[in-house]
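In what follows, a single structure is set out as structure tokens and then discussed.
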Amino acid sequence: MQERLRQLPSVQVLLDASPSPGDFGPLPYAWVRQEARDVLDEARQAILAGGSVPERDQLQQLLHQRLTAMQQRFLRPVINGTGVLIHTNLGRAPIKEELLLQAAVLASGYCSLEYDVESGQRGRRAPAVEQLISTAAGSEASLVVNNNAAAVLLALAALAEGREVIVSRGELVEIGGGFRVPDVIAQSRCQLVEVGTTNKTRLEDYRRAVNANTAVVMKIHPSNFKIQGFTEQPSRLELRQLADECGIYFVEDLGSGAFWPPPTSGSAEPLVQEAARHGHLVTFSGDKLLGGPQAGILTGQADVLHQARQHPLFRALRSDKLNLFLLQELFRLILAGAEDQLPLWQMAHASLESLQQRAEAYAAALGTGLQGEVGPAQSTMGGGSLPEEVLPTRALYLASSHCSSTELAAHFRQQEIPLITRIEQNRLLVDPRTILPHQDALVQRYLEKGVGPC
Ligand SMILES: *Cc1c(COP(=O)(O)O)cnc(C)c1O
């Protein structure tokens, strides 16, 4: 046994024989060494359990696989071939590159984050961005925090801590990633009062629930699902009038926060301007907008926003200089009517002809082992919008004589910049709509290479 164990290489020999550490760029050497130790430990256990002594090649290959897998865990670029525009798992929307270059200039030096350049005194934190948002929304005041979950938490804590919040049973939703309306209300130390039924809630249901301890009547955009058929919800105007009559606040969580109707075929998202016309306070995500950084935005009536700003939670939830700057520049573009310069806008408005051409160029590049054809498909807005909000597109449907769709999808994920695809009815689909035009050449190279045995 000792003799057989001695045939195993040492950690150093295994490492020296393996691809140079440079091949695993981002991996700290300590991780690589630990992984080599683990591979040898496992080989030792296998030998002690009566197994044979593995070849050095096998050990190297095993180490290589494990290091490759570790490398895949790093946050890095991927190509989005799924056709989901605001893809939460892939970083939601791409940010306009020029804005990021400007942000690099800002953040690689000092900036006027909380400094009033005119007076030379300490100033408000990035006041212009709030003003730009208010102008776009048609509201009096705004506030920026880390994400929309934080915006809702802060809004309720500031307006309703220790008091009651009325929500329709049809809007007590889970958005995904653990955002559940009842839980957020509880975390804000408010008491949830459910009214109505799943499909129908009337103004009278809200009115009957109001008592001396009620602080807020809340509307939540169910985002990712829809109740159809025999349904009823009071209008924003009715809820606002009720809130004013009763001396309470009307708060709306919009989620996506669109400033324009989307070019999709399903029912449109509510617009921020429309919600801000009625709500004392409206919240939405900066990164579900057309290519914003991760942010949560509160906008509405000045005295209400003042309460949110004064709440101690704001200090814990406030946004950083990079995000505030990106948001400022994004809203400058929006107010200049230059939204067509934003990558997400361009993706959403890509013409069917251009999508067809790009998909055909992919199809023309197919190498050995790959078959494919271009056909109609549907892109989706994503980002918590309704599943039926789809955009007709042209996609490359891929197949292989010797690999399943799942194996093909894994093959494309293993490329230098992973290509993420979608599987639909057992076919692998590559939608050019969400692939940035400058990534087309790389996608074609992946396709030209073809696939070997799976
Ligand atoms: C997405 C969403 C949230 C959570 O927003 P994050 O920015 O992801 O924190 C909350 N409410 C609604 C209605 C949403 O759609």
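Order of appearance sets the numbers: ligands from 1, and atoms from 1 within every ligand. Quick note: numbers below take in every heavy atom, side chains included, and nothing from hydrogens, waters or symmetry partners. Since the model is a prediction, treat every value here as computed from it, not as a measurement.
- In this model, a donor atom of one side chain and an acceptor atom of the other lie less than 3.5 Å apart for E161 and H311.
- Polar contact with ligand 1: present for R92 (N/O pair, distance under 3.5 Å).
- Summarising the local packing, CD of Q72 is surrounded by more than 12 heavy atoms from other residues, nucleotides or ligands at distances under 6.0 Å.
- In summary, the atoms of ligand 1 found under 4.0 Å from a heavy atom of I175, numbered by their order in the structure, are 1 (C), 2 (C), 11 (N), 12 (C), 13 (C), 14 (C), 15 (O).
- Within the 3.5 Å criterion, the main-chain N or O of L429 finds no donor-acceptor partner in the side chain of R422.
- Figure legend: cation-pi geometry between K219 and F250 absent, as NZ or CZ is not positioned both under 6.0 Å from the six-membered ring centre and within 45° of its axis.
- Below 4.0 Å from some heavy atom of S285 lie the following atoms of ligand 1, by number and element: 5 (O), 6 (P), 7 (O).
- Within ligand 1, counting atoms from 1 as listed, the ones closer than 4.0 Å to a heavy atom of K288 are 1 (C), 2 (C), 3 (C), 14 (C), 15 (O).
- Residue contacts with ligand 1 for Q294 are absent, since no atom lies close enough (heavy atoms, distance under 4.0 Å).
- A cation-pi arrangement, defined by a distance under 6.0 Å to the six-membered ring centre and an angle within 45 degrees of its axis, is present between R427 and Y397.
- Taking only nitrogen or oxygen atoms, main chain and side chain alike, D253 reaches within less than 3.5 Å of ligand 1.
- The aromatic rings of F74 and W31 sit tilted relative to each other, their planes meeting at an angle between 30° and 60°.
- In the vicinity of H221, heavy-atom distances shorter than 4.0 Å reach the ligand 1 atoms 13 (C).
- Annotation: F179 places no N or O atom under 3.5 Å from an N or O atom of ligand 1; distance criterion only.
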